[in-house]
2 protein chains.
Amino acid sequence: MTWQFDYLIVGAGFAGLTMAERLTTQCGKSCLVVEKRPHIGGNAADRYDDHGVLVHSYGPHYFRTNSPKIVAYLSQFTDWRPVDYEILSYADQRYWRFPINLNTFEQLIGRSATSDEMEAWLAEHRVAIPEPRNSEEVILSQVGPLLYEKFFKGYTLKQWRRQPRDLDPSVCGRIPIRTNRDNRYLRETFQALPNAGYSRLFERMVTACGPRLRLLLNTDYREVVPHVAFRHMIFSGPIDELYDYRFGSLPYRSLRFSHQSFTKEQLVDREPISGRRGFWQPAMQVNYPGSEAFTRIVEIKHATGQACDNTTIVQEYPDDYGPGKEPFYPVPAADATSLFQQYDRLVGAGVVPACLQASIRHNGVAPGVSLIGRLATYRYYNMDQVVAMALSEFDRLRSTHHTTGHGHGTSDRLPRAA
Amino acid sequence: MTWQFDYLIVGAGFAGLTMAERLTTQCGKSCLVVEKRPHIGGNAADRYDDHGVLVHSYGPHYFRTNSPKIVAYLSQFTDWRPVDYEILSYADQRYWRFPINLNTFEQLIGRSATSDEMEAWLAEHRVAIPEPRNSEEVILSQVGPLLYEKFFKGYTLKQWRRQPRDLDPSVCGRIPIRTNRDNRYLRETFQALPNAGYSRLFERMVTACGPRLRLLLNTDYREVVPHVAFRHMIFSGPIDELYDYRFGSLPYRSLRFSHQSFTKEQLVDREPISGRRGFWQPAMQVNYPGSEAFTRIVEIKHATGQACDNTTIVQEYPDDYGPGKEPFYPVPAADATSLFQQYDRLVGAGVVPACLQASIRHNGVAPGVSLIGRLATYRYYNMDQVVAMALSEFDRLRSTHHTTGHGHGTSDRLPRAA
């Protein structure tokens with residue numbers, strides 16, 4: 001007798017758990033969530049480390065959004081702690097205000113200055129490029145070669161192992177450049193962290209699902225599919241894996257994290273540098289655009305506000321993606337996008353992934369498939385965008401009364417027969 | 001096509017995870033662990049609460065053992081923090097040293113005293129009962145009515161909702177009574193907490209299992225059994241449930257927890273009482289044998305040693321067991337033991353639980369069953385004893401080359417046909 005569910009949900013990150021929560025609580029659907037890692041929360045998971053410090057397990061996750069709807073949705077599962085995400089850049093043996101603004105400019109020229117002076121300086125140094133076609137051109141056209149070399153070139157090269165000129169304009173273009181004193185890294189209206197951490201938020205989503213949820217961890221969905229029956233699959237894993245890499249592997253950048261913890265006593269020497277008792281560095285994140293092998297050091301305690309004597313810093317080393325590593329970032333370049341589009345056309349054409357053949361035998365028809373999340377859509381979405389995509393796909397599924405069909409989370413195209 | 005495993009393990013507490021870890025890593029067996037709660041660790045689970053304080057989710061768990069073998073086994077998954085588990089009793093508006101010792105006696109008589117004086121006092125007050133048959137008699141025979149009334153009677157009545165005279169001698173008898181100044185609550189040679197908490201220990205056990213483990217949370221094993229094939233079931237759930245309550249429900253005591261957290265500022269007023277900055281009460285555990293509805297207040301930060309400004313205290317209210325509540329304590333009384341023995345005889349006779357009938361259809365033979373843990377054996381085992389039971393059952397299974405058979409964890413009887 002085959003175990004039956006309404007939905008098979010692949011991945012227990014923001015995408016998968018949002019779908020599970022909506023489908024169980026709003027429609028009474030039974031959901032089996034399958035997650036290959038032994039924990040929920042995906043890359044947004046956080047945890048208290050062995051030194052009692054709350055850290056983001058897979059690199060810092062700075063929650064922000066302009067959408068009151070997303071805030072309202074997630075606020076069912078968490079309180080919030082407002083945060084100014086503050087970032088510095090370390091170059092020439094000193095900390096610089098970052099993103100570049102009037103304060104950075106004053107550090108550069110060694111005296112106080114006005115916005116007019118900074119604008120005049122930029123006008124002089126900027127390279128005239130009417131339509132920047134890559135990340136090098138987008139920065140050169142805004143600030144010129146001196147600031148590009150100091151803050152962007154090395155960092156981007158380390159992060160992507162590609163020259164900025166071989167990356168989409170959006171990669172460096174998403175970082176603001178200002179001539180006022182606004183030090184904020186991000187522009188969204190709502191900037192806050194879940195008050196008790198992301199993992200607690202995810203635990204509450206799971207609890208909200210209640211008894212209609214089954215949560216299967218440490219398990220590859222491909223192992224499960226032949227043994228269960230379901231009418232629809234929500235897939236938040238890598239799209240190339242879903243189609244057995246038939247066009248080749250999509251490129252990703254991966255990361256390696258190096259953690260270091262300090263006690264109150266060990267932090268005394270750092271106080272003149274951090275400016276705060278119990279901290280190692282002067283801001284939540286410091287970028288290292290120079291010759292260091294790591295790109296940044298994150299001390300998330302600045303943002304979590306944890307009342308804890310110890311602290312933990314995390315050095316982040318960009319890494320090539322390969323077996324046993326996590327696929328963190330889709331590569332924002334034309335060759336990668338074009339490969340993704342080949343896979344995406346399979347979804348659009350309703351091609352049933354081979355792993356679902358067994359499901360056809362169970363049900364007579366192919367289950368529907370929804371692709372949501374960063375890996376399934378090969379896009380560098382922020383967390384709020386992933387939740388938005390899931391909520392939108394939920395609305396679509398509900399309005400089509402759960403007709404079997406294929407579709408993207410953000411697509412409004414009608415479901416089609418497989 | 002039925003999903004196949006070597007072992008189905010019911011429960012992800014100390015018993016289940018120890019078995020899973022051994023079977024996967026030592027014998028390469030595939031294990032499906034099914035846990036009805038949405039987290040691992042059973043009642044030993046701990047977590048950081050919303051105030052950043054590490055708390056024991058289901059009441060305090062004071063790890064201790066006399067077995068170097070158990071320490072060695074668990075030390076693969078955790079470091080340890082040595083702890084003197086310190087307990088006080090609150091009566092007549094003051095804190096008393098507890099368990100009763102010479103310090104308590106001095107508090108009682110209001111002046112310093114010697115062991116000889118205390119022994120003389122006890123000799124005078126003690127009730128002569130050569131063979132105590134219940135918990136009232138065991139305490140009266142050791143310390144007499146005054147100390148019995150002050151420290152034992154009300155506490156025990158609240159905890160069990162039974163008169164001490166209706167409880168086995170072991171209930172109160174396990175608490176030491178001393179005429180020296182030894183304030184320690186427990187007698188074992190090794191007393192320590194997992195350095196980063198119990199839940200981290202359990203996470204590391206899961207990680208150690210590797211890809212042969214499947215971990216299914218938020219799921220009742222009775223739902224899973226018809227859909228999977230397995231050769232042997234390790235059962236750490238309630239034995240009466242396994243046999244569909246055919247002789248009636250075994251009695252349990254349950255607990256309700258009331259958490260209260262305090263910031264550094266809110267704790268200033270408590271400093272004269274707790275004697276330590278950042279703490280609410282003067283010891284890890286304070287018993288309340290009086291008319292309060294709760295039995296104890298636990299401030300586990302005393303034991304975890306967490307470097308955290310906030311603190312959390314937990315009041316523990318004994319509760320009747322019923323639907324939606326956790327079965328915490330088997331009831332140590334003759335009627336309950338006798339009911340348990342009825343169930344136990346089913347196990348001994350190799351009676352196949354009804355829920356395993358589907359398994360017989362899958363495999364042609366009934367799967368073997370091992371019963372381990374506090375609920376399956378209806379015994380108030382400590383954590384080290386549960387781990388010992390699991391390790392011993394593992395050895396038994398390995399030595400019989402995984403012959404299908406029924407058996408207790410601690411039994412050395414040969415497996416028998418179902």
Side-chain angles (χ1 to χ4, degrees), chain A residues 1-4 12 31-40 46-54 78-79 194-197 199-200 202-207 209-220 223-224 226-229 263-264 278 304-311 358 361-362, chain B residues 1-4 12 31-40 46-54 78-79 194-197 199-200 202-207 209-220 223-224 226-229 263-264 278 304-311 358 361-362:
Chain A
M1 194 170 89
T2 305
W3 204 3
Q4 302 223 341
C31 295
L32 173 63
V33 172
V34 183
E35 166 59 50
K36 74 168 175 173
R37 290 192 274 211
H39 65 79
I40 60 172
D46 53 16
R47 63 186 168 86
Y48 287 81
D49 67 15
D50 286 2
H51 307 270
V53 183
L54 180 59
T78 188
D79 299 328
N195 206 18
S199 290
R200 176 59 49 86
F202 294 124
E203 285 166 23
R204 292 203 172 116
M205 293 181 84
V206 164
T207 301
C209 290
R212 291 198 183 84
L213 173 75
R214 300 288 165 264
L215 183 57
L216 182 57
L217 304 179
N218 219 40
T219 307
D220 189 310
E223 183 183 333
V224 181
H227 306 299
V228 296
T263 63
K264 184 161 68 172
T304 61
Q306 189 189 358
C308 174
D309 293 339
N310 299 342
T311 198
R361 286 195 296 276
H362 285 315
Chain B
M1 193 171 91
T2 306
W3 204 3
Q4 304 224 339
C31 294
L32 174 63
V33 172
V34 183
E35 165 61 50
K36 76 168 173 173
R37 292 194 274 210
H39 64 77
I40 59 171
D46 53 16
R47 63 186 169 87
Y48 286 82
D49 68 15
D50 286 3
H51 306 271
V53 183
L54 179 60
T78 188
D79 298 329
N195 205 21
S199 290
R200 176 58 50 84
F202 294 125
E203 285 165 24
R204 292 205 172 114
M205 293 180 84
V206 163
T207 302
C209 290
R212 292 198 182 84
L213 172 76
R214 300 287 165 263
L215 183 58
L216 182 56
L217 304 179
N218 220 39
T219 307
D220 190 310
E223 183 183 332
V224 181
H227 305 299
V228 295
T263 64
K264 185 162 66 174
T304 61
Q306 190 190 358
C308 175
D309 292 340
N310 299 343
T311 197
R361 287 194 295 277
H362 285 315

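All values reported here derive from a predicted model rather than from experimental measurement.
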**Prompt:** Should A/L217 and A/I40 count as side-chain neighbours, where that means a heavy-atom distance under 4.5 Å?
**Reply:** yes
**Non-hydrogen side-chain atoms of B/L215 and B/E35 separated by less than 4.5 Å** = no
**Which atoms of B/R200 approach chain A - backbone, side chain, both or neither, heavy atom under 4.5 Å** =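 Side chain of B/R200 only, per the 4.5 Å heavy-atom cut-off to chain A.
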**Prompt:** Considering only heavy atoms, which portion of B/T219 lies under 4.5 Å from any heavy atom of chain A: side chain, backbone, both, or neither?
**Reply:** both
**Request:** Look at atom CZ of A/R204 and say whether more than 12 heavy atoms of other residues, nucleotides or ligands are closer to it than 6.0 Å.
**Result:** yes
**Message:** With chain B as the partner, which of A/T2, A/V206, A/V33 has the greatest number of non-hydrogen pairs under 4.5 Å?
**Reply:**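 Most pairs with chain B among the choices: A/T2.
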**Asked** Under a 4.5 Å heavy-atom cutoff, which of B/R47, B/K264, B/E203 has the most pairs with chain A?
**Response**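 Max contact count across the listed options: B/R47.
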**Request:** Output the distance between atom CG (B/D79) and atom CG (A/D50), rounded to the nearest 0.5 Å.
**Result:** 7.0 Å
